[in-house]
Asker: 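Below: one structure in C-alpha cells.
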Amino acid sequence: MRLSQMLFVTLRDDPADAEIPSHKLLLRAGYIRRIGSGIYAYLPLMWRVLQKVSQIVREEMNATGAQECLLPQLQPADLWKEAGRWDTYTKAEGIMFSLIDRREQQLGLGPTHEEVITAIARDMIRSYRQLPLNLYQIQTKFRDEIRPRFGLMRGREFIMKDAYSFHTDEASLKETYQDMYKAYSNILRRSGLAFRAVEADSGAIGGSGSTEFMILAEAGEDEVLYTEDGKYAANVEKAVSLPIDAETSRFTTYEKRDTPGTETIEKVCKLLNCSPTQLVKNVLYQTVYDNGITVLVLVSIRGDQEVNEVKLQNELTKLASEYGAKTIISLNVPNVEAQQAWTTKSLPLGYIAPDIADEYITANKQIHPKFLRLVDRTAVDLKNFVTGANEAGYHVVGANWNEQFKLPEQIVNIRKSRPGDRAIHNTEQILQSARGVEAGHIFQLGTKYSQAMGATYTNEQGEEKLLFMGCFGVGVSRLAQAAVEQSYDKDGIIWPVAIAPYHAIVTIPNIKDAQQIEIAQKLYTELNQAGIETLLDDRDERAGVKFKDADLIGIPYRIVTGRAIANGKVEVVERATRKSQEIAIDEVTTTLHKWITQAIEGKD
C-alpha cells in the first residue's frame, strides 16, 4: 500500500480525552477514531492488526479441534431469564444494552453468549457420541460500561473470541480446559507479548475454576500477585495469602476508653498506642438481592486488613436463597443518605462494635430486620483486642470473643491479599505485585447453564444427563491495544512483528529524486512479492515528517532510499532497537525475510 493513497492522518499532539499511552498513540497514529463514548472505528492500519490477531487465534483454536461459527448479536431476553441472568446483567451489573422491539419483545445486545450456545446445544446435542464439542466465534460484543475509558481497553463495543465446550463429565471438561490453557498461552506467545496466567474470580459468568491471561503493562487495570518461584499467580480479586502475624495486645483487662476524634484506624491506634493488628474494625455494607430485599451486612476484620468486595459478594451470593433470592443486584457501603432509608437513629460511624443492636434497623418488609454478621478469619484468633464501643468518641480495649462479644457464626475469608503477604504454598515466598491487562479468561462452568436451561444428553446406558460446559474468551481488540501498552517509546508504537499491520515501510526522503523513487518502488514490489508486507511512503512530505510518522505507527523495519544508494545500499532501521545498518539493495529482501521469520518464531 502506498501512503499517498491510504486513509492516513497522524496527530502531533495527544488527544485531550486519552488517558493512557496506548490510547493516545493509537489515536495519534491514525489506527482508531472515536465515534462516541466508548465507541471507536477501526481504521485500515488497525483492522490489519486485528486480522492478524484473529488469524493467530483461529489457528490455535482450530488446532485443538474447535469449530468456528457465528452467533447472533441480538438475543431474546427469555433465554437470559431462563438462565437467571437477565436481572444480573440489566440491573445488578447493568452492562447489557436492552431494548424492546415493535412486537413488545425484550431483547439484549450480546455481552456474552452462554445462553444462546446452551439453547443450541439443548436442541442439537442428543447423544454422548457427539461429545466433547467446542464451538467458537470471533464476534462484536456490547457492554454498557458506566465509564468507558482507555480506548479499546474498556469500550462499549469490542471484538472478542469466545468459545463454549460441552462434555459428558468434569474430567472431559478439564481436558479441554487444559487444551485452552495451552492454546491461549500459544496465542500470546505468537503475538510477541509478555504475559502471566493467573487464578481469577469467575464473576457473573459463574462456574468453578477460572484462569486469566494477563498482558503485563504498567497501565494495566488489574493487579496481579505472584511469587518469585513461579508456583503462584492470581488476580488480586482472587488471591489468597497469609497476612503478617498480629502483634500481642498490650491490654490485659477489658475497659471502655474515651477516644474523641478517632473515626479512623490510624487515629485510634495513635491515641491508644496500639498496633492495627490488635484492632477489630467493623465495616457496614448494604446489599440488595434480586427480589428487592435489602440486607445490612456487618463485617468484622482485623484493623490492618481490607475487605475484598469481590470475595464478599461471592459469600453473599451463596446466601441468596436464605432471603428467597437468586443473586445480588448491588453491594456498597451505605452513605448517610442511604442509611436514612432504614436506620431508626444515627449510627456511631467510626465507633461501631461487632454487637451493634439490630434495633437500628427500621421495620420494613423490604429490609431484613437483622444485621448479617460476618467475621473474617484474620479477626477470629485475636485476644484482648480493641474495637468500637457503639458510642461516638469511645472504644473498648482488652475485648475477647465469646466474652464481651459473641463470635459471629459466619466465619469467612474475605480479606484482600496484597504485596508483602506470605504465600500459602510456601511461607518463605513473599507475594510480589505487577500490573496487567486481562486479554483472555477461561472458565470451567460445570452444569450451571445446562441445569438452568435443561441442556442434556443421553449416556451409554440410555440415561439423560446434564451437559458439562466450559467457556473461553479472548479480547481481540483489547489484546491489540494491550500490545501497544506493553511496547512503546517517546516516539510512538513498537509493534511485535507478528501482529504489526505491515512488516516494513520503504521511505523516500526526496520525492523529487528519480533514483530514490526507482529503487524504492523496486524494493516495494520485491518485498511484497516475497510475502513481506510493505508500505511505501511516497508522500510529498519532508524526510523528517516521514521518519516521525514511521516511528509513530511502529512498523518494525524502515528502509530508507537515501544517500547510501550511491554505494548500492539502503539504510535499514529496526524500530524496536533503533539499530541502523546499510544493506546492499539486492540483499534487502533476503535479509528482511530472515529477520522477520526469526522474530515471529521467537528466535534471536
Side-chain angles (χ1 to χ4, degrees), residues 38 77 80-81 83-98 106 108-109 111-112 114-115 142-149 154 156 200-207 221-222 235-238 281-301 306-344 347 349 352 356 358 360-374 376 410 412-416 448 452:
W80 285 74
K81 290 176 181 177
R85 290 204 304 172
W86 181 255
D87 285 343
T88 301
Y89 270 73
T90 58
K91 295 179 183 177
E93 296 196 11
I95 61 173
M96 180 184 275
F97 287 99
S98 58
Q106 281 186 308
L109 282 177
T112 184
E114 284 80 11
E115 283 76 5
F142 304 89
R143 296 188 183 179
D144 191 6
E145 296 285 354
I146 294 175
R147 188 187 171 199
R149 58 196 309 220
R154 189 164 293 280
R156 297 199 294 166
D201 182 75
S202 295
I205 299 294
E221 287 188 283
D222 293 293
N235 188 308
V236 71
E237 294 176 346
K238 178 75 172 181
K281 66 179 176 183
N282 305 286
V283 188
L284 183 64
Y285 286 90
Q286 174 177 303
T287 186
V288 180
Y289 286 98
D290 59 351
N291 60 355
I293 297 294
T294 295
V295 176
L296 288 310
V297 185
L298 188 68
V299 177
S300 297
I301 190 169
E306 294 180 54
V307 175
N308 182 324
E309 294 187 0
V310 172
K311 292 181 180 178
L312 174 59
Q313 180 159 327
N314 290 340
E315 292 294 336
L316 295 176
T317 300
K318 294 176 188 176
L319 300 174
S321 60
E322 296 186 16
Y323 302 102
K326 292 181 180 178
T327 189
I328 290 174
I329 297 295
S330 66
L331 173 68
N332 54 58
V333 175
N335 57 26
V336 174
E337 184 179 346
Q339 292 169 28
Q340 290 173 351
W342 54 264
T343 51
T344 56
L347 288 162
L349 298 178
I352 292 176
I356 191 165
D358 292 330
Y360 274 92
I361 304 173
T362 186
N364 186 321
K365 66 180 182 179
Q366 289 300 105
I367 298 173
H368 196 268
K370 293 185 178 182
F371 287 110
L372 171 61
R373 301 172 197 272
L374 306 177
D376 184 73
Q410 302 268 10
V412 291
N413 289 304
I414 54 174
R415 65 174 285 270
K416 186 177 183 179
K448 174 180 176 177

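The basis for the numbers below is simple: all heavy atoms, side chains too, and nothing from hydrogens, waters or symmetry mates.
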Asker: Could you tell me which residues satisfy ring pair (Phe, Tyr, Trp, His ring centres under 6.0 Å) with Y360, sequence neighbours excluded, listed by chain and number?
Answerer: none
Asker: Have Q286 and W342 got a donor and an acceptor in their side chains that come within less than 3.5 Å?
Answerer: yes
Asker: Are the side chains of R415 and V307 in touch, meaning some heavy atoms are under 4.5 Å apart?
Answerer: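 Result no, sub-4.5 Å side-chain heavy-atom pair not found.
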Asker: Taking atom types as modelled and ignoring hydrogens, do the side chains of N282 and S300 form a donor-acceptor contact shorter than 3.5 angstrom?
Answerer: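 Yes.
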Asker: Assess whether a salt bridge exists between D290 and K91, defined as any Lys/Arg side-chain N lying under 4.0 Å from an Asp/Glu carboxylate O.
Answerer: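 No, no charged N to carboxylate O under 4.0 Å.
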Asker: Would the distance check show the side chain of R143 and the main-chain N or O of P111 forming a donor-acceptor pair, the cut-off being under 3.5 Å?
Answerer: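 Answer holds: yes.
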Asker: With heavy-atom distances below 4.5 Å as the criterion, would you say the side chains of P334 and L284 are in contact?
Answerer: yes
Asker: So that I can tick it off, tell me whether K416 and E237 are bridged by a salt bridge, with the cut-off set at under 4.0 angstrom between side-chain N and carboxylate O.
Answerer: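 Judged by the 4.0 Å cut-off on N to carboxylate O distance, E237 and K416 do not form a salt bridge.
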Asker: Just by modelled atom types, is the I356 backbone N or O under 3.5 Å from a matching donor or acceptor in the R373 side chain?
Answerer: yes
Asker: For a 4.5 angstrom cut-off between non-hydrogen side-chain atoms, does K311 reach N413?
Answerer: no
Asker: Got a sec, which pairs hit salt bridge (charged side-chain N to carboxylate O under 4.0 Å, His left out) with one end in residues 312-341, sequence neighbours left out?
Answerer: E315-K318
Asker: Is there a side-chain contact between V310 and V236 in this structure, where contact means two heavy atoms from C-beta onward sitting under 4.5 Å apart?
Answerer: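 No; the side chains remain at least 4.5 Å from each other.
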Asker: With a 4.5 Å heavy-atom cut-off, do S98 and Y89 have their side chains touching?
Answerer: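 In short, these two side chains do not touch, never coming nearer than 4.5 Å.
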Asker: Would you find a donor on one side and an acceptor on the other, under 3.5 Å apart, between the side chain of D376 and the backbone of I414?
Answerer: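 It does hold such a pair.
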Asker: Would you call R154 and E145 a salt bridge, taking side-chain N to carboxylate O under 4.0 Å as the test?
Answerer: yes
Asker: Using only atom types and a distance under 3.5 Å, with no angle test, would you say the side chain of Y323 pairs donor to acceptor with the backbone of N291?
Answerer: no
Asker: Looking at side-chain heavy atoms only, is the closest gap between F371 and V295 below 4.5 Å?
Answerer: no
Asker: Using only atom types and a distance under 3.5 Å, with no angle test, would you say the side chain of N235 pairs donor to acceptor with the backbone of K238?
Answerer: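 Looks like no, no N/O pair under 3.5 Å.
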